[in-house]
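Just so we're on the same page: letters track the sequence lines, and every chain starts at 1.
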2 protein chains.
Amino acid sequence: MPAAERRELILGHASAVFGRTGYAGTTTEQIAQAAGISQPYVVRMFGTKEKLFVEVMERALGKLIVAFREVIRLRDSGEIPADELGARLGQAYVDLIEDRGILMSLMQGFIQGHDEVIGQRARAGFLEIYRLLRDEAAIPADDVRSFLADGMLINTLLAIGMPDNFEGDEAATELMTLSFGAKLDTVLCAASERPARPA
Amino acid sequence: MPAAERRELILGHASAVFGRTGYAGTTTEQIAQAAGISQPYVVRMFGTKEKLFVEVMERALGKLIVAFREVIRLRDSGEIPADELGARLGQAYVDLIEDRGILMSLMQGFIQGHDEVIGQRARAGFLEIYRLLRDEAAIPADDVRSFLADGMLINTLLAIGMPDNFEGDEAATELMTLSFGAKLDTVLCAASERPARPA
DNA sequence: GTCTATACGGAGATAGAC
DNA sequence: GTCTATCTCCGTATAGAC
């Protein structure tokens with residue numbers, strides 16, 4: 001297998017595992033097992049665990065930016081109405097949940113703000129998203145703030161494991177419905193690792 | 001020193017350290033040093049690191065609930081206008097930042113949702129806050145969701161270390177101002193561990 | 001390019017003294 | 001009630017073979 005492809009494969013698995021158990025709570029051995037390779041090879045390929053984590057964050061951030069830019073492009077080309085921009089961006093965000101680990105590994109990076117290396121990259125990434133929405137998407141600053149807040153609530157609900165544990169609880173069901181709306185089924189399918197629309 | 005007092009002292013220090021470096025990223029030795037006692041004593045007093053963390057979460061949750069209940073009580077007794085409730089609750093939330101570690105250790109618990117024990121307590125705690133705001137404070141459900149979203153953005157900005165690193169960056173300054181508003185100086189003073197209003 | 005073996009440090013927990 | 005000493009396991013990283 002070519003190095004670039006294997007690299008991406010490992011990053012994908014690392015993203016999922018880091019996203020679930022965090023930077024400090026994840027061992028390179030767990031990532032190696034998920035990717036089906038040996039632990040020293042993981043380290044060999046990325047230098048250190050920290051460098052691997054930063055690459056995971058960068059990859060996640062890249063995917064998020066691509067997803068947002070695509071929505072903005074559709075708006076600019078007139079393929080979607082301007083007043084739907086916010087809803088479409090929200091949908092694009094939730095759709096990323098299917099690629100399990102993207103949003104969670106980013107969130108784990110945010111929570112790791114005390115770490116010199118990771119923290120710096122996390123802050124820069126967060127602001128990159130802020131500027132993208134404010135400048136490229138031309139959304140009013142306070143609406144961007146509000147959009148980001150909704151995103152952080154979604155991240156927290158995912159991280160806390162709510163999608164797998166809310167059934168039977170009235171308050172949890174209401175909160176999940178309010179937070180995800182029509183996109184709730186997408187989330188639930190992603191949570192149980194089944195495809196969003198079973199054949 | 002009486003056991004109860006020493007216990008609370010250790011919990012306070014543990015809260016600060018866990019809040020900063022997370023559950024997995026924190027050693028019982030770090031907590032012991034912060035509290036000025038020996039590492040085995042920390043373990044001895046709380047059984048395991050996990051039990052200690054759960055107690056830290058419970059303590060943080062308790063303080064948050066007390067703060068919110070006090071605001072609700074003021075509204076119910078007519079001491080503050082009903083239409084100011086949201087703003088007062090927000091202020092009460094931000095004020096908790098001064099007791100460094102409260103909001104952050106809770107957030108670290110939320111992010112630890114995959115852990116059987118911690119995750120369960122975190123979900124229960126999150127929903128407890130949701131119900132408190134919806135039922136006791138009688139805030140419309142979607143406003144509660146929105147309030148929680150704002151809280152999660154605040155938590156994320158704190159965790160990512162934004163208060164200590166936004167100066168000089170135009171976007172970061174704008175985002176911090178929008179997110180904290182008039183409460184920004186409270187946050188900055190708490191961040192640099194100086195009193196909110198220097199004498 | 002990928003593995004096995006392993007060195008080395010660290011962390012949680014226990015034993016037992018004072 | 002609190003400490004020192006220490007056991008034991010685990011995790012990252014390196015060395016070196018194939």
Could you give the distance from CG (Leu11(A)) to OG (Ser105(A)), rounded to the nearest 0.5 Å?
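Here the rounded value is 10.0 Å.
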Protein-nucleic acid N or O pairs under 3.5 Å, nucleotides 9-13 of chain C:
unit_1	atom_1	unit_2	atom_2	d
dG12(C)	OP1	Thr26(B)	O	3.4
dG12(C)	OP1	Lys49(B)	NZ	3.1
dG12(C)	OP2	Thr28(B)	N	2.9
dG12(C)	OP2	Thr28(B)	OG1	2.9
dA13(C)	OP2	Lys49(B)	N	3.0
dA13(C)	N7	Gln39(B)	NE2	3.0
dA13(C)	N6	Gln39(B)	OE1	3.0

State which residues pass salt bridge (charged side-chain N to carboxylate O under 4.0 Å, His left out) with Asp164(A); sequence neighbours excluded, sorted by chain then number.
none
Salt bridge (charged side-chain N to carboxylate O under 4.0 Å, His left out) partners for Asp142(B), two or more places apart
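Arg145(B).
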Within residues 94-140 of chain B or reaching into it, pairs that qualify as ring-ring contact (aromatic ring centres under 6.0 Å, His included) - sequence neighbours excluded
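Counting only pairs at least two positions apart or across chains, the ring-ring contact (aromatic ring centres under 6.0 Å, His included) contacts touching residues 94-140 of chain B are Phe110(B)-Phe126(B).
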Can you measure Leu52(A) atom CG to dT12(D) atom P for me and round it to whole angstrom units?
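Checked: the CG to P distance equals 10 Å.
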Annotated structure of DNA chain C as dot-bracket, pair cut-off 3.5 Å, Watson-Crick or G-U only, | for inter-strand, is ||||||||||||||||||
All side-chain hydrogen bond (donor to acceptor under 3.5 Å, both in side chains) counterparts of Thr27(A), not counting sequence neighbours:
none
When the distance from CZ of Phe53(A) to C1' of dT12(D) is rounded to whole Å, what number comes out?
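For the pair Phe53(A) CZ and dT12(D) C1', the rounded distance is 17 Å.
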Roughly, in whole Å, what's the span from CD1 in Ile37(A) to P in dC3(C)?
6 Å
Among all residues two or more places apart in sequence or in another chain, which pass the salt bridge (charged side-chain N to carboxylate O under 4.0 Å, His left out) test with Arg6(A)?
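Residues passing salt bridge (charged side-chain N to carboxylate O under 4.0 Å, His left out) with Arg6(A): none at all.
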Taking CZ from Phe46(B) and C1' from dT14(C), how many angstroms apart are they, rounded to a whole number?
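Atom-to-atom, Phe46(B) to dT14(C), this comes out as 18 Å.
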With Phe53(A), which residues qualify under ring pair (Phe, Tyr, Trp, His ring centres under 6.0 Å), at least two apart?
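For Phe53(A), the residues satisfying ring pair (Phe, Tyr, Trp, His ring centres under 6.0 Å) (neighbours in sequence not counted) are Phe18(A), Tyr23(A).
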Can you pull the salt bridge (Lys or Arg N to Asp or Glu O under 4.0 Å) pairs that have at least one residue in residues 124-133 of chain A, sequence neighbours excluded?
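Pairs touching residues 124-133 of chain A that pass the test: Arg131(A)-Asp169(B).
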Taking only N/O atoms, report every protein-nucleotides 16-18 of chain D pair under 3.5 Å with atom names and distance.
unit_1	atom_1	unit_2	atom_2	d
dG16(D)	O6	Arg44(A)	NH2	3.2

Salt bridge (charged side-chain N to carboxylate O under 4.0 Å, His left out) with Glu170(B): which residues, sequence neighbours excluded?
Arg134(A)
When the side chains of residues 54-64 of chain B are checked against the rest of the protein, which donor-acceptor pairs come out under 3.5 Å, sequence neighbours left out?
unit_1	atom_1	unit_2	atom_2	d
Glu55(B)	OE1	Arg7(B)	NH2	3.3
Glu55(B)	OE2	Arg7(B)	NH2	2.6
Glu58(B)	OE2	Arg121(B)	NE	2.1
Glu58(B)	OE2	Arg121(B)	NH2	3.2
Arg59(B)	NE	Glu8(B)	OE1	3.4
Arg59(B)	NE	Glu8(B)	OE2	3.0
Arg59(B)	NH2	Glu8(B)	OE2	3.1

